[in-house]
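Here's the structure, in structure tokens; my notes come after.
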Amino acid sequence: MSLPACQKADQPRPSTTLLPTALSSTHLAASAGVTTATPASAPVASGAASAAPAPSSEPPGTHHAFGDPIAVTKSTNLGRLLAHPDAFADKTVLVEGLVRRACTRRGCWMELAPAQDGPGCRVTFKNYGFFVPTDSAGSHARVEAIVKQAVLSPGEVAHHQREGAQFASLNRDGSANETRLIANGVELWR
């Protein structure tokens, strides 16, 4: 059984290769996890391409982008997705919510929820191509991801619990059913 990337402490984080200037600086900044301090009311320069749609109301704080720029424009209600995960299985969605927890070793997952209480789901990152800061808990996040449903083995459950994950219920054998978002792009406001 292959260990998750967060257990491979000797493995370096993926690096970003800079390509010719045909790529936009926005894409390069987002894929490298660059932090930008942009107030909610900051004007966009005329003729500048916007890599992501503006949220309905931009959260306060410093903006951080990881992975690919968000391209989906229609937002899905995270609470509705969690209540009816079968309706969204294998679909790409754009959701927003509160980061309740994050992997404390490498930032290879985070738990996203509509609010501090109630249901939430784990977000992992496509091909472990990027991570989020280990102190992301408390941030507001916008995530473009594919919805997946999986059964985690008892070993996977124990591993994630050691990193701070919590599961609403476990199966008799110690495994857990999980609705997971596999993100290709994440924006955080902290």
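Enclosure of atom CG in D173 by more than 12 non-hydrogen atoms of other residues, nucleotides or ligands within 6.0 angstrom is indicated.
One distance of note links OG1 of T62 with CZ of R190; it measures 8.5 Å at 0.5 Å rounding. Between the CD atom of E187 and the NE2 atom of H140 there is a distance of 9.5 Å, given to the nearest 0.5 Å. In this structure, CG on D68 lies 6.5 Å from NZ on K126, to the nearest 0.5 angstrom. Atom CZ in R122 sits 9.5 Å away from atom SG in C103 (nearest 0.5 Å). Distance check: S136 OG to E111 CD gives 13.0 Å after rounding to the nearest 0.5 Å. To the nearest 0.5 angstrom, L98 atom CG is 10.0 Å from M110 atom CE.
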Quiz item: Run the side chain to side chain contact (heavy atoms under 4.5 Å, CB included) check on V93 and V72 step by step: do they pass?
Solution: CA-CA 7 Å; V93 297; V72 174; over 6 Å; no

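At least one side-chain heavy atom of P133 sits under 4.5 Å from a side-chain heavy atom of L188. Residues C121 and V147 fail the side-chain proximity criterion, which asks for heavy atoms closer than 4.5 Å. N177 places a side-chain heavy atom less than 4.5 Å from the side chain of N171. Side-chain contact between E178 and V151: absent, with no pair of heavy atoms (C-beta onward) separated by less than 4.5 Å. Between S175 and S153, every side-chain heavy-atom pair lies at or beyond the 4.5 Å cut-off. Counting only heavy atoms from C-beta outward, the side chains of H64 and V186 never approach each other to under 4.5 Å.
Of all non-hydrogen atoms in A71 and E144, the two that sit nearest each other are N-OE1, 2.6 Å. When all heavy atoms of F131 and R106 are compared, the closest pair comes out as CB-O, 3.5 Å. Of all non-hydrogen atoms in A113 and P119, the two that sit nearest each other are CB-O, 3.5 Å. Residue L82 comes nearest to P85 through the heavy atom pair O-CD, 3.4 Å, listed as atom of the first residue, atom of the second, then distance. Considering every non-hydrogen atom in both G118 and R100, the closest pair reads O-NH1, 2.8 Å. G174 approaches V157 most closely through the heavy-atom pair O-CG2, 3.6 Å.
Residues L78 and I146 fall into different hydrophobic clusters, defined by Ile, Leu, Val, Met, Phe, Trp and Tyr side chains chained together at heavy-atom separations under 4.5 Å. The same ILVMFWY cluster, assembled from side-chain heavy atoms under 4.5 Å apart, contains both L152 and L170. Residue L81 is grouped with residue V99 when hydrophobic side chains (ILVMFWY) are merged at heavy-atom distances under 4.5 angstrom, including chains of intermediate members.
In this pair, F130 and F125 present their aromatic rings tilted. The plane angle is within the 30 to 60° band.
Although no hydrogens or angles enter the test, the distance criterion places a donor-acceptor pair under 3.5 Å between the side chain of N77 and the main chain of G79.
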